[in-house]
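Accompanying notes for the structure given below.
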Amino acid sequence: MRTSERRQRELLSQLRTEPGLSPADVARLLWQQLTDPRLAGQKRLFFEICGHALRGRPEAVPILEGLVADWLEPLVAAEVATGADPFAAQNRARLGLATVRGLLLDLLATGDRAGVDAAMEEFLRLYYGSE
């Protein structure tokens with residue numbers, strides 16, 4: 001699971017360096033990758049292991065280390081690089097991470113791809129403005 005998360009962060013970093021892509025475009029491309037139906041089993045496993053960890057199962061607890069912080073660091077850095085206040089950037093990054101994970105759980109639970117994608121678009125509109 002850590003390898004998968006690391007690869008996703010690497011993809012985010014690569015997308016951010018692509019010329020001509022707005023931050024919202026980068027988020028959309030990452031969202032498409034995260035919601036690829038071929039990765040549904042991997043996402044289910046992610047939430048299952050997190051559930052076990054949160055209940056204190058010793059074999060799963062280590063996954064909580066870095067579960068949020070490993071994502072916040074690059075997300076905050078990207079926000080600050082665009083001129084955001086570091087405190088606001090921390091809050092925005094946490095909000096973005098929580099939203100993506102919540103919508104992934106929604107997609108797995110409901111299978112409502114159109115509804116979840118529409119919710120993501122609304123979030124991006126609110127988060128980035130009218131991009």
Side-chain angles (χ1 to χ4, degrees):
M1 192 168 94
R2 287 191 190 279
T3 300
S4 172
E5 289 270 301
R6 182 182 44 77
R7 285 185 189 140
Q8 291 166 3
R9 286 190 302 275
E10 288 170 358
L11 175 61
L12 176 61
S13 293
Q14 290 170 355
L15 290 171
R16 286 186 192 268
T17 63
E18 289 291 321
L21 290 180
S22 71
D25 292 335
V26 169
R28 282 183 191 95
L29 290 170
L30 183 61
W31 178 249
Q32 288 172 1
Q33 195 275 334
L34 291 173
T35 59
D36 183 325
R38 295 173 292 185
L39 300 177
Q42 200 174 46
K43 300 304 172 211
R44 282 187 197 93
L45 181 61
F46 170 83
F47 287 112
E48 181 178 351
I49 291 172
C50 287
H52 289 301
L54 291 169
R55 287 199 319 261
R57 290 192 56 181
E59 67 277 10
V61 167
I63 202 64
L64 296 177
E65 184 179 324
L67 187 70
V68 174
D70 288 352
W71 276 100
L72 289 184
E73 186 176 316
L75 294 171
V76 169
E79 291 267 341
V80 169
T82 64
D85 168 74
F87 182 75
Q90 180 81 16
N91 293 336
R92 286 175 55 88
R94 190 176 297 273
L95 175 62
L97 179 61
T99 299
V100 167
R101 286 183 172 163
L103 288 175
L104 283 171
L105 183 59
D106 183 331
L107 179 60
L108 291 170
T110 67
D112 182 4
R113 178 66 190 238
V116 171
D117 283 348
M120 176 55 82
E121 279 301 316
E122 179 65 11
F123 171 73
L124 293 175
R125 186 187 67 73
L126 294 168
Y127 193 87
Y128 292 113
S130 60
E131 283 188 41

message = Determine whether a donor-acceptor pair (N or O, by modelled atom type, separation under 3.5 Å) exists between the side chain of Asp25 and the backbone of Ser22.
response = yes
inquiry  = How close do Val80 and Ala89 get, counting heavy atoms only, and between which atoms?
reply    = CG2-CB, 3.9 Å
note = Heavy atoms of Leu75 and Ala93 approach each other most closely as CB-CB, 3.6 Å
inquiry  = Donor-acceptor check, side chain of Tyr127 to backbone of Ala24, threshold 3.5 angstrom: yes or no?
reply    = no
task = Using the test side chain to side chain donor-acceptor pair (under 3.5 Å), find all partners of Arg113 that sit at least two apart in sequence or belong to another chain.
result = Thr35, Asp117
query = Are Leu95 and Leu97 joined in one hydrophobic group, where the rule is that I, L, V, M, F, W and Y side chains link up if heavy atoms are under 4.5 Å apart?
reply = yes
note = Residue pairs passing the side-chain hydrogen bond (donor to acceptor under 3.5 Å, both in side chains) test with at least one member in residues 61-77, sequence neighbours excluded, are Glu5-Trp71
task = Locate the shortest heavy-atom distance separating Pro62 from Pro58; write the atom from each residue and the value.
result = CD-O, 3.4 Å
query = Under the side-chain hydrogen bond (donor to acceptor under 3.5 Å, both in side chains) rule, what pairs show up with a residue in residues 48-63, not counting sequence neighbours?
reply = His52-Arg55, His52-Arg57, Arg57-Glu59
query = Would Leu39 end up clustered with Met1 when hydrophobic side chains under 4.5 Å apart are linked, directly or stepwise?
reply = no
query = Do Arg28 and Glu121 pass the side-chain contact (heavy atoms from CB on, under 4.5 Å) test, and can you show the C-alpha distance, the side-chain angles, and the key distance before you say yes or no?
reply = CA-CA 8 Å; Arg28 282 183 191 95; Glu121 279 301 316; 2.8 Å; yes
ask   = Under a 4.0 Å N-O cut-off, is there an ion pair linking Arg125 with Glu122?
value = yes
Where Pro23 and Tyr128 come nearest, the two heavy atoms and their spacing = CB-CE2, 3.4 Å
task = Please test Val100 against Met120 for side-chain contact (heavy atoms from CB on, under 4.5 Å), starting from the C-alpha separation and ending with a verdict.
result = CA-CA 8 Å; Val100 167; Met120 176 55 82; 3.7 Å; yes
request  = Determine which pairs satisfy salt bridge (Lys or Arg N to Asp or Glu O under 4.0 Å) with at least one residue from residues 33-45, sequence neighbours left out, and list them in order.
outcome  = Asp36-Arg38
inquiry  = Could you measure the distance from the CZ atom of Arg2 to the CG atom of Leu67? Nearest 0.5 Å is fine.
reply    = 8.5 Å
remark   = Sequence neighbours excluded, the answer for salt bridge (charged side-chain N to carboxylate O under 4.0 Å, His left out) partners of Arg9 is none
inquiry  = Using 0.5 Å steps for rounding, measure from the CD atom of Gln14 to the CG atom of Leu30.
reply    = 11.0 Å
task = May I have the step-by-step check of side-chain contact (heavy atoms from CB on, under 4.5 Å) for Val68 and Arg101, ending in yes or no?
result = CA-CA 11 Å; Val68 174; Arg101 286 183 172 163; 4.2 Å; yes
note = Here the gap from Leu34 atom CG to Leu11 atom CG, rounded to the nearest 0.5 Å, amounts to 8.0 Å
request  = Can you sort out the partners of Thr82 under side-chain contact (heavy atoms from CB on, under 4.5 Å), two or more places apart, ordered by chain and number?
outcome  = none
query = In Å, rounded to the nearest 0.5 Å, how long is the span from CG of Leu107 to CH2 of Trp31?
reply = 6.5 Å
query = Between Leu64 and Ala53, what is the shortest heavy-atom contact and its length?
reply = CG-CB, 3.6 Å
task = Kindly compute the distance separating CZ (Arg94) from CG (Leu72), expressed to the nearest 0.5 Å.
result = 5.0 Å
ask   = If you measure from CG on Asp85 to CZ on Arg92, what distance do you get to the nearest 0.5 Å?
value = 11.0 Å
inquiry  = Quick check: is Phe47 connected to Leu54 through a chain of hydrophobic side chains (ILVMFWY, heavy atoms under 4.5 Å apart)?
reply    = yes
